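Predicted model only: the values in this text are computed from it and were never measured. Labels below follow one simple rule: chain letters A, B, ... track the order of the sequence lines, proteins then strands, and each chain is numbered from 1.
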There are 2 protein chains.
Amino acid sequence: MSKGNKITIHDISKALNIDSSTVSRALNNSPRVSVKTREKIQKKATELGYQRNSLASNLRTNRTNTIGVIIPRIARHFFATVIAGIEETAYEEGYNVVICQSLESLDREIKIMNSLASNRVDGILISTSMETSKFDHIKSYIDNNNPVVFIDRPSEAFPECSNISIDNFKASYDATKLLIEKGRKHIAHFSGPQNIGLYQERKKGYMSALQEHNISINKNYIFESILSEEDGISCAKKLLKYPEIDGLYSANDTAAISAIQYLKTKGIQIPKQIAVIGFNNDPISEVIEPSLTTIHQPGFEMGKLATEMLVHQIKNKSDKGIHHSKILVPELIIRKSSENE
Amino acid sequence: MSKGNKITIHDISKALNIDSSTVSRALNNSPRVSVKTREKIQKKATELGYQRNSLASNLRTNRTNTIGVIIPRIARHFFATVIAGIEETAYEEGYNVVICQSLESLDREIKIMNSLASNRVDGILISTSMETSKFDHIKSYIDNNNPVVFIDRPSEAFPECSNISIDNFKASYDATKLLIEKGRKHIAHFSGPQNIGLYQERKKGYMSALQEHNISINKNYIFESILSEEDGISCAKKLLKYPEIDGLYSANDTAAISAIQYLKTKGIQIPKQIAVIGFNNDPISEVIEPSLTTIHQPGFEMGKLATEMLVHQIKNKSDKGIHHSKILVPELIIRKSSENE
DNA sequence: TTGTACGCGTTATCAA
DNA sequence: TTGATAACGCGTACAA
């Protein structure tokens, strides 16, 4: 808090012999004050170095013009693009944005929700953490008639809530199908935590593609983890126990990339011996050799859409019950790691 | 704002026939209330779904327990590590963190400063934007006796302010020296905007290393830009006009990486024909082929230290005048792009 | 167009 | 240990 900046509307009021209510109106560009007084007041305000106290203002008006954003990790490329979309739309609409990262921890997510709620943000955009299987913190926030829009990781617990996501099933299906079309017969899958819907969908898409092409599903070929860099390596090690494997579809790029690097050290030729497809279109996927075929999620657009929805909900709280959701179609980006030479 | 959550301490007060001041004390775990009443109050509070209003509390106490952070771009790896350090220390110390990105725009930086100031954050950590050559917004904030600590990009405009940075000169000197020791005679430099101190230092370090090894400085070998991906490519193109160039020290990894990729498409062998060193230890630097020799900045530690300093300043506003700064030593990470085969 | 008066929810101060 | 009261800075009905 600015201990030094003690200038309030009352100081301006006294300095000009104008009532503080008029000062308030002038500083808010209300039409209910003459142009002349307004200019006089605004001039004095800058002269005195007046700095509005949003705490008081927000307390009085019961609005903060602020949107809270909770995501697992800001450094992840996909979320960074989502944030860019959120900020662009939010600023256009006159909202500030407070970005918080849960670091995939439920405990942190709960603390952040409480903090945002007690600071009275006007609404929350959330992509839940991997640990989030209980939803009480979100439920109580929603039950108090607060707007929430889910991004990327919709929750079945709130079918009535708006959410923006992508068609994970289709993306996975298409990726797996591509490998099949390239002649791969034994395709492995690095799957994510199965308590999370989107990773379930990705696994289903993989399995569905196999089935529809009359390839039997081998459970040994499915390696579940949280898809960290280390997981990519350890899963790649396990994968090598099945020398017949000639394709890999990983539910994210991180694990795909570290797996490729590990496999290369073991003398495996990518894609000749094992073709690889990832998910997320991480910047590294373009640089690694061979460049990684992957799935691009329209993060920026997702952020924009989610923010538009949230702002709409904020402005029309009566629409609360209405379910506005959107499922976008991700794009398969074909690079070298999936191609036959 | 939660329109639904109308529960205040007064509601609890009425429900229990206890004065609201006692309720306030109980909810703040004040020792000045009996254990029995406190428990009764806290029970009732959760029962009614009470959610503290921080706006009111902060207005009254004149503190927000919140630190504002202004950085150019959260997605950049270095800043992501800085943020991690900031958050860890801040939470330990009981502070919330509000992260804002200027996107290297002075205009946005000013708006963010105003917003943070009017929301009465307790202090600000800032890494100024590339555009920031005027400092009025920061000056007026500091002049109002608000704590500020500069990170990574200290400003000569505020010699009395604390800042955490690294020894850019030494890092550059060492990098350039390494290239010289590897026998490179014609070393180019991708330099950053020279209105920014740290890029000046990096250029100076480069030039100093050449001089001290009796290599004359060729101004044609120095290419200035904002070091974006596109700049890396265009500078690489220009660089090819000087076929004698056999070494490149880039003031960041982004430009070094795109340059390497461009040069490879032109059939240039890295490092055989041109050895390359970057700056920042971006995750891509490890994956690209050849892996990129680069300079690692201790971002996490910088974030921690800066936050510790800021918190100290917040708690001891009298120390304001005292200049606490720290210059850390970055680490040269030697990979393949600088090594002779 | 401007002024009066009050309240937003909380906490600090003083008194009981 | 608890209660009564005022105040933080601002915005807004209502009156003038």
Side-chain angles (χ1 to χ4, degrees), chain A residues 1-42 44-45 48-65 115 117-122 144, chain B residues 1-42 44-45 48-66 117-122 144:
Chain A
M1 219 327 286
S2 79
K3 267 280 184 337
N5 195 348
K6 284 279 189 194
I7 308 297
T8 74
I9 54 174
H10 300 291
D11 297 313
I12 301 173
S13 163
K14 280 173 203 156
L16 296 174
N17 246 316
I18 298 177
D19 192 83
S20 59
S21 59
T22 305
V23 175
S24 171
R25 283 189 279 259
L27 293 176
N28 286 313
N29 287 314
S30 159
R32 301 174 61 80
V33 58
S34 75
V35 180
K36 202 179 141 197
T37 359
R38 177 192 338 199
E39 284 172 356
K40 193 161 61 175
I41 289 171
Q42 293 184 333
K44 197 68 177 180
L48 294 178
Y50 170 77
Q51 170 66 260
R52 118 190 262 114
N53 186 331
S54 294
L55 296 173
S57 172
N58 295 338
L59 174 63
R60 189 65 179 74
T61 60
N62 219 18
R63 294 185 313 114
T64 55
N65 286 313
S115 169
S118 80
N119 280 293
R120 298 297 190 264
V121 295
D122 293 337
N144 278 320
Chain B
M1 219 330 285
S2 77
K3 268 281 183 335
N5 193 350
K6 284 282 188 192
I7 307 298
T8 72
I9 54 173
H10 299 292
D11 297 314
I12 301 172
S13 163
K14 279 173 204 159
L16 296 175
N17 247 318
I18 297 177
D19 192 81
S20 59
S21 57
T22 304
V23 175
S24 172
R25 282 188 282 258
L27 294 175
N28 287 312
N29 288 313
S30 159
R32 302 175 61 79
V33 58
S34 73
V35 180
K36 200 179 143 198
T37 358
R38 179 193 336 203
E39 283 171 355
K40 194 161 60 173
I41 290 171
Q42 293 183 335
K44 197 67 174 179
L48 294 178
Y50 169 78
Q51 168 67 257
R52 119 191 260 114
N53 186 331
S54 293
L55 297 173
S57 173
N58 294 340
L59 173 63
R60 188 65 179 82
T61 59
N62 218 18
R63 296 186 312 114
T64 55
N65 287 314
T66 299
S118 81
N119 280 293
R120 300 295 190 264
V121 294
D122 293 337
N144 279 319

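Atom CD1 in B/Ile41 sits about 13 Å away from atom P in C/dT10, given to the nearest Å. Look at CD1 on A/Ile12: it is 15 Å from P on C/dT2, rounded to the nearest Å. Between B/Asp19 atom CG and C/dA16 atom P there is a gap of 15 Å when expressed in whole angstrom units. In this entry the distance linking CZ of A/Arg32 with P of D/dC14 reads 12 Å, nearest Å. The separation between B/Arg38 atom CZ and D/dT2 atom C1' is 14 Å, rounded to whole Å. Atom CG in B/Asn29 sits roughly 16 Å away from atom C1' in C/dT10 (whole-Å rounding).
Toward the 5′ end of DNA chain D lies the nearest nucleotide of B/Arg25, the other residue of the pair A/Thr22 and B/Arg25 mapping further downstream.
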N/O to N/O distances under 3.5 Å, protein versus nucleotides 6-10 of chain D:
residue : atom : partner : partner atom : Å
D/dA7   : N3   : B/Arg60 : NE           : 3.0
D/dG9   : N2   : A/Ala56 : O            : 3.4
D/dC10  : OP1  : A/Tyr50 : OH           : 2.5
D/dC10  : OP1  : A/Asn53 : N            : 3.4
D/dC10  : OP2  : A/Ile9  : N            : 2.8

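If you check every strand for non-hydrogen atoms under 4.0 Å, B/Ser21 touches a base. Looking at heavy-atom distances under 4.0 Å, A/Thr37 makes contact with sugar-phosphate atoms alone, never a base.
The shortest heavy-atom contact between B/Asn29 and B/Gln42 is OD1-NE2, 3.0 Å. Residues B/Gln51 and A/Arg120 approach most closely at O-NH2, 3.1 Å, considering heavy atoms.
Between A/Leu59 and B/Asn53, some side-chain heavy-atom pair lies under the 4.5 Å cut-off. Side chains of B/Asn58 and B/Thr66 form no contact here, defined as non-hydrogen atoms less than 4.5 Å apart.
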Show every donor-acceptor pair shorter than 3.5 Å between a side-chain atom in residues 14-22 of chain B and any protein atom, with sequence neighbours excluded, or say none if there are none.
residue : atom : partner : partner atom : Å
B/Asp19 : OD2  : B/Ser21 : N            : 2.9
B/Asp19 : OD2  : B/Ser21 : OG           : 2.6

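B/Asn119 places no side-chain N or O within 3.5 Å of a backbone atom of B/Val121 that could act as its donor or acceptor partner.
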